[in-house]
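In this text, all values refer to a predicted model and were calculated from it rather than measured experimentally. Convention: sequence-line order gives letters A, B, ...; per-chain numbering from 1. Values below: every heavy atom of this structure, side chains too, minus hydrogens, waters and symmetry copies.
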Amino acid sequence: MPGPARVRYAPSPTGEPHVGNIRTALFNWLYARHTGGQFILRIEDTDQNRIVPGALDSILESLRWLGLDWDEGPEVGGPYGPYFQSQRLHIYREIADRLLSQDSVYSCYCSPERLDEMRKEQQRRKEPPKYDGQCRYLSEAEKKRGVGDGVNPVVRFKTPLEGHTSFYDLIRGEITVANSTLDDFVLLKSDGFPTYHLANVIDDHLMEITHIMRADEWLASTPRHMLLYRALGFEPPVMVHLPLILGPDRAKLSKRHGATSLVEYKENGFLPEVMINFLALLGWSFDEKTEIFSVDELIEHFALERIGKTGAIFNHEKLLWMNGLYMRERLTVHDLMGRVLPFLEQGLPPEVPRPFDGAYVEDIMALLQDRIKLLSEGPELTEFFFMDDLEYETPTLLGKDFDRERAEGILSLVQARLSDIEDFSTEALEGMTRRMAEELGLKTGSFFGLLRVAFTGRTAAPPLFETMEALGKERCLYRIERSIRKLHDG
RNA sequence: GGCGCAUUCGUCUAGCGGCCCAGGACGCCGCCCUCUCAAGGCGGAGAUCAGGGGUUCGAAUCCCCUAUGCGCUACCA
């Protein structure tokens, strides 16, 4: 087993985290737990313009919902803090000064307008858009003038003009780019905040991160980071670039693709352990057949070597299947009830009295377990258990096999027999009704169908006798009485 | 445009030179079970392993080229 790793999840608080971000968090967390290392949460709030109020909360909430606990970071602190980059500005400033004194960087006074124009011109000429390095060669006098104009400069890195930069990525292997394809990227913005490149390299080093596990979209900027590590004299961590999660159009998954925020999955009634299981399988696999894993099993088996390299489309159908599977095979009836209850509170009509009868709800859950795929389906699937007066049309009750008179006669007989029996168990009920079917010369299909509508108001419901037992004698008699009246009164 | 990365059933994937005329899962279709709906069981269709060249006795697996897709190319991360 590999030694204890220090890994980090470093989101920026720009919105609700989507499944792609969270998959990255999950892989980092799994690796930390697998190796007995630390999982660090660092907030990359270096772009003042893009910070969204509440985003931090939804990040923390998402992680907590999944049970991805962090060893260092917001709320828990840690020996390498602060864990908000906006509180580490002095560190970046100091290191930038050091780079300045060793002539690795320079101040750039170019206006956004000039840069913009330059890029447009380059694009027009079909050239790669790159900073042209104008300020790299400023004389002392020109620098003074730049300062004198009151322009707040940015600090740019002096990318070597020649040579190549290589690094080894655990997933991709050796990667080499010519330095000439890189430009003098910005390290410190004019507002004094660092860019991702600077802050990341510094923090990962200072926080003693051993493995950088991040999405593949960062692969292209990694050579810049390697240049920085070298200039700073830092040893770079192990690089692990994770395959992207794609939308149905094979483009990088984004809000554009609809429900992608983890919070939405929670609200839609997915189980957190299902999200973990499913997300783990997006880009990672264990063997040729196993795909249902408990969190502990994932921690035990998770290995960097088994991370794939191709982007994966998020398959909602399979997620839904897995959610149903967990509910019927991995949850006890009692556990299921605990999960569904909040959705019932919220979704059942207001006329259903609260609080619900716990024993009754648990009986219902047993019948729901094989049928529910989303917790949010709870109210719709069980509503008829809670409503005294069912709403259904007479033709629904009659179906294809009965006319009013016949149905009324049958139901009256059932009513009479039902009020007589003591034992209201599934078995007794079934025995009784089957005997009746024979007695009346009815096919069980049509007879039970009639009763089903009378008791549930629906043509599709859980098994009839279990349903009757759960409802109990009193409710059943009330419902059958109503169905008879309905036929009688028209 | 430049640079980088990738390419196995519709989708997620297994496969790291012979066990593969390619295995599993979701979805789809059929049958069985059955009081409806589910669940479950069984079976089926579905991938000339992007295409073309090599290397090798032998390639999905190694090498080269092409095509396609994606990512990056900001004082965003």
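- Which of rC75(B), rC76(B), rA25(B) sits closest to the side chain of Glu291(A) comes down to rA25(B).
- Considering only the side chain of Arg172(A), rA6(B) comes nearest among rA74(B), rA38(B), rA6(B).
- Between the C1' atoms of rU7(B) and rC12(B), the separation comes to 15 Å (whole Å).
- The existence of a salt bridge linking Glu291(A) and Lys289(A) is excluded, since no basic side-chain nitrogen approaches an acidic carboxylate oxygen closer than 4.0 Å.
- Summarising the geometry, the separation between CG on Asp47(A) and P on rC76(B) is reported as 5 Å, rounded to the nearest angstrom.
- Atom name C1', nucleotides rC16(B) and rC26(B): the rounded distance is 26 Å, in whole Å.
- Using C1' as the reference atom, rC5(B) and rC21(B) are 32 Å apart when rounded to the nearest Å.
- Residue Arg250(A) places its side chain closer to rU11(B) than to any other of rU13(B), rC72(B), rU11(B).
- Comparing Val177(A) and Glu127(A) along RNA chain B, the residue whose closest nucleotide (by nearest heavy atom) sits nearer the 5' end is Glu127(A).
- Under the Watson-Crick and G-U wobble criteria, each requiring two contacts below 3.5 Å, nucleotide rU61(B) is left unpaired.
- Separating the NZ atom of Lys130(A) from the P atom of rA74(B) is a distance of 11 Å, rounded to the nearest angstrom.
- Between Lys189(A) and rA77(B), a side-chain N or O to OP1/OP2 separation shorter than 4.0 Å is present.
- At the heavy-atom level, Lys126(A) lies under 4.0 Å from the strands shown only through sugar-phosphate atoms.
- With both pairing distances under 3.5 Å, rG30(B) is matched to rC42(B) as a Watson-Crick or G-U wobble pair.
- Distance noted for atom C1' between rU61(B) and rU55(B): 13 Å (whole Å).
- Across all strands, Gly324(A) comes closer than 4.0 Å to no nucleic acid atom at all (heavy-atom distances).
- With P as the reference atom, rG51(B) and rA67(B) are 16 Å apart, rounded to whole Å.
- Residue contacts for Ile313(A): at a heavy-atom cut-off of 4.0 Å it reaches the sugar-phosphate backbone alone, with no base atom in range.
- Contacts of Ala461(A) with the nucleic acid, taken as non-hydrogen atoms under 4.0 Å apart, include base atoms.
- Taking atom NZ on Lys255(A) and atom C1' on rC76(B), their separation rounds to 11 Å, with Å as the unit.
- Taking only distance into account, the side chain of Lys318(A) meets the base of rA25(B) through a donor-acceptor pair shorter than 3.5 Å.
- In this structure, Pro243(A) reaches neither bases nor backbone, as no heavy-atom distance under 4.0 Å exists between it and the strands shown.
- If you check every strand for non-hydrogen atoms under 4.0 Å, Pro194(A) touches sugar and phosphate atoms only.
- Across rU8(B) and rG15(B), the matching C1' atoms stand 9 Å from one another, rounded to whole Å.
- Here Arg125(A) lies out of heavy-atom contact (under 4.0 Å) with every strand.
- Nucleotides rA22(B) and rC31(B), compared at atom P, are 27 Å apart to the nearest Å.
- The closest side-chain heavy-atom distance from Leu187(A) to Leu99(A) is below 4.5 Å.
- One finds no salt bridge joining Glu121(A) and Lys126(A) here, because no Lys/Arg side-chain nitrogen approaches an Asp/Glu carboxylate oxygen to under 4.0 Å.
- At the heavy-atom level, Arg124(A) lies nowhere under 4.0 Å from the strands shown.
- Nucleotide rA25(B) forms a pair with rU11(B), judged by Watson-Crick or G-U wobble geometry with both contacts under 3.5 Å.
- Across all strands, Phe465(A) comes closer than 4.0 Å to base atoms (heavy-atom distances).
- The partner of rC19(B) cannot be assigned: no Watson-Crick or G-U wobble pair with both contacts below 3.5 Å exists in any strand.
- In this entry the distance linking NE2 of His225(A) with P of rU73(B) reads 10 Å, nearest Å.
- Under the Watson-Crick and G-U wobble criteria, each requiring two contacts below 3.5 Å, nucleotide rC49(B) is left unpaired.
- Here the side chain of Arg371(A) is nearest to one of rU13(B), rG23(B), rA38(B), namely rA38(B).
- Ring-centre distance between Trp218(A) and Tyr196(A): below the 6.0 Å cut-off.
- Listed nucleotides rG23(B), rG15(B), rC70(B) differ in distance to Leu244(A); the shortest reach to its side chain belongs to rC70(B).
- For the pair Asp184(A) and Arg136(A), the salt-bridge criterion is met [side-chain N within less than 4.0 Å of a carboxylate O].
- Within 4.0 Å of Val186(A), counting heavy atoms only, lie sugar-phosphate atoms of the nucleic acid but no base atom.
- Side-chain proximity of Glu317(A) to the nucleotides rU13(B), rC35(B), rG27(B) is greatest for rG27(B).
- Comparing Glu430(A) and Phe286(A) against RNA chain B, the residue whose closest nucleotide sits nearer the 5' end is Phe286(A).
- Glu127(A) pairs with exactly one of Arg124(A), Lys130(A), Arg125(A) by the salt bridge (charged side-chain N to carboxylate O under 4.0 Å, His left out) rule, that one being Arg125(A).
- One P atom belongs to rC20(B), the other to rC33(B), and the distance between them is 35 Å to the nearest Å.
- Counting non-hydrogen atoms under 4.0 angstrom, Ser446(A) reaches nothing in the nucleic acid.
- Here rU36(B) presents its P atom at 18 Å from CG of Leu381(A), a figure rounded to the nearest Å.
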I would like to know whether Phe270(A) and His316(A) meet ring-ring contact (aromatic ring centres under 6.0 Å, His included); could you show each step before the answer?
CA-CA 11 Å; Phe270(A) 287 96; His316(A) 276 266; 7.4 Å; no
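- The nearest whole Å value for the distance from the CZ atom in Arg458(A) to the C1' atom in rC37(B) is 11 Å.
- Nearest nucleotide to the side chain of Ala460(A), out of rA77(B), rC37(B), rC35(B): rC37(B).
- Listed nucleotides rA77(B), rG27(B), rG40(B) differ in distance to Thr46(A); the shortest reach to its side chain belongs to rA77(B).
- Rounding to whole angstrom units, NE2 of residue His301(A) and P of rA14(B) are separated by 16 Å.
- For the residue pair Asp363(A) and Ala470(A), the shortest heavy atom distance occurs at CB-CB, 4.3 Å.
- Other residues, nucleotides and ligands place more than 12 heavy atoms under 6.0 Å from the CD atom of Glu439(A).
- Contact annotation: Arg119(A) side-chain N/O to rU73(B) OP1/OP2 distance is not under 4.0 Å.
- Salt bridge Lys373(A)/Glu377(A): absent, no basic N to carboxylate O contact under 4.0 Å.
- Residue Ser190(A) has its side chain nearest to rC75(B) when only rC76(B), rC75(B), rA25(B) are considered.
- The interatomic distance linking Leu227(A) (CG) with rC3(B) (P) rounds to 18 Å, in whole Å.
- The partner of rG4(B) is rC70(B), judged by Watson-Crick or G-U wobble contacts that both fall below 3.5 Å.
- Thr459(A) comes within contact range of at least one nucleobase, with a heavy-atom separation under 4.0 Å.
- Across rA38(B), rA77(B), rC35(B), the shortest atom-to-atom separation from the side chain of Arg50(A) is found for rA77(B).
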